[in-house]
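We count ligands from 1, going down the list as the structure has it; atoms in each ligand are counted the same way.
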Amino acid sequence: MKEKLFLISKELQQKFPKFGVNKIRELTRLIFEISKKYGIQYQEIIYDITDKDYEKVKEALLKRRYPKTYCKAKKENFYLPDFDIGENDKADISVKNFNPKNVYYTGDVIDSVLYNRIRTLFPNANFCEIDSLKIFLKNNKFSTEKYNKRYENLFLVNEKYDFFKKCPCTKGVNCCNYSILNIGFGCLYECSYCFLQGYQNVAGIILPCNLPEFLTRDKIKPVDNKIFFLPRVGSGEFTDSLIFDDITLFSSDIVKFFKRNKDISFEFKTKSTNIGNLLKIGGRDNIVVSWSVNAKKMIEENEYCAPRLEERLKAAQECIKAGYSVGFHFDPVILYDGWREGYKETIDMIFDFIDAKNIKWISIGSLRMVASLKKVIEVRFPNNKIMDEEFLLSHDGKLRYEEGERVRIYKYLVDLIKQKSKDVVTYLCMEKTKI
Ligand code: SF4
Ligand code: SF4
């Protein structure tokens, strides 16, 4: 990739010696993206350029890169950043059992149940006391290369402030008043689109040792919500809700608390099948285990280390038998050739596996990301196809599919769901009210 970019840039400099660095940089990106998307040799694309005027050259390349959306977009909607490629940035997509080499802990956790459990579960790990996570991070520079090996490091801390908060959502969208219970930070499923890879500055998994302290009514204060009948709280924002549950057993405390507090709906958002502890303790109607689902092809091509669709749906069946409600999140919906058939197959499978009366809600959200994530995805997953689609920079600094395209996606999926069940609550995540 680095070499190809160098060659494109060199050839452009020879063809357009008067263009400055920034102009060459933008054109290099456009040519690289066109070449990757359509499988065309970059030399051919450069050869096809007949104009000498920069604006005209750029316009011609934008039309080729964004054939569906060029006419609908403004100039500032095209995001053409520089490339930022390191030596070992490519993600390791082999499935791994979590078996940390190093466990870093703060002194205040040593009497906790979790710390002592981790000692027993990982006796061969190197245990190292740290003053604080903040100081550790200051002294240990973060890099994508280190992030790729985050499965080697576990941090045990006492969370002080961030256990419970309102879902940050994004400005200008129809917020559903969700609240988040933060039960950890970091995940090992290696989804190509994961926002954590651009957000996380810790090359490890962080687990809080003082969760029980925060499961009290004065700290859990969700916002009312008429659509869902009960106010909703959920985990799974900064980690998968269940991926580490056999280690943490967090679900025991959470389920016990929400069994006592039936006026709140609690949701475990997951892609995992790590439901052993949930089955053991048994659920209740207000406790929802919900799976993020996708078209099978997209799961195979993007959710590298996560369980497959059938496995998720079988886990959902087991949870229903154990007394839980279930939910599904079509998030992110990804455009690809054949997306209609792919998502229809997934919807058919959900309703074949699960009786609609057990489904609390189904959400839909199309692939979106903060603009800076684009660069991280392309270096960690250089063969990804998701970024070949046409993304436009929105009002909130996020890259999204064009509005009309999103409406088509939502309408198609909602219609299919409603054909299966008119009663299932369906909502859009992070979308404008107009949409
Ligand atoms: S719409 Fe999505 S992002 Fe916004 S508050 Fe609800 S769950 Fe959070
Ligand atoms: S399951 Fe969620 S948190 Fe984990 S890698 Fe995938 S997108 Fe990220």
With under 30° as parallel and over 60° as perpendicular, where do the rings of [X] and [Y] fit, or are they tilted in between?
X: Trp339; Y: Tyr412; answer: perpendicular
X: Phe238; Y: Phe185; answer: parallel
X: His329; Y: Tyr427; answer: perpendicular

Identify the closest protein heavy atom to [atom]: which residue and atom is it, and at what distance?
atom: atom 8 (Fe) of ligand 2; answer: Cys194 SG, 2.3 Å
atom: atom 7 (S) of ligand 1; answer: Cys176 SG, 3.6 Å
atom: atom 6 (Fe) of ligand 2; answer: Cys191 SG, 2.3 Å
atom: atom 4 (Fe) of ligand 2; answer: Cys187 SG, 2.3 Å

[X]: numbered ligand 1 atoms lying under 4.0 Å from its heavy atoms:
X: Cys429; answer: 1 (S), 2 (Fe), 3 (S), 7 (S)
X: Met430; answer: 1 (S), 2 (Fe), 3 (S)
X: Cys167; answer: 3 (S), 5 (S), 8 (Fe)
X: Cys175; answer: 5 (S)

Just jot down the ligand 2 atoms closer than 4.0 angstrom to any heavy atom of Leu196, in number order.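 Close to Leu196: 3 (S).
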Which of the atoms of ligand 2 are close to Glu190, meaning less than 4.0 Å from one of its heavy atoms?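 In order of numbering, the contacting atoms are 5 (S).
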Consider salt bridge (Lys or Arg N to Asp or Glu O under 4.0 Å). Of Lys37, Lys36, Arg29, which one does Glu33 pass it with?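 Exactly one option meets the salt bridge (Lys or Arg N to Asp or Glu O under 4.0 Å) with Glu33, and it is Arg29.
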What verdict does the salt bridge (charged side-chain N to carboxylate O under 4.0 Å, His left out) test give for Lys68 and Glu390, after you've listed the backbone C-alpha separation in whole Å, the side-chain angles of each residue and the deciding distance to 0.1 Å? CA-CA 8 Å; Lys68 288 190 287 184; Glu390 299 183 29; 5.1 Å; no
Between Asn384 and Ser192, do the side chains contain an N or O donor and an N or O acceptor separated by less than 3.5 Å?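 Looking only at side-chain atoms, Ser192 and Asn384 do not form any donor-acceptor pair under 3.5 Å.
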When you measure from atom 1 (S) of ligand 2 to each heavy atom in Lys271, Glu237, Glu303, which option holds the nearest one?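 Ranked by closest heavy atom to atom 1 (S) of ligand 2, first place is Lys271.
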Please assess Phe268 against Phe266 for the test ring-ring contact (aromatic ring centres under 6.0 Å, His included), listing each intermediate value before the final yes or no. CA-CA 7 Å; Phe268 291 96; Phe266 184 82; 4.9 Å; yes
Decide if atom CG of Asp337 counts as having more than 12 heavy atoms of other residues, nucleotides or ligands within a radius under 6.0 Å.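 Count not over threshold, so no.
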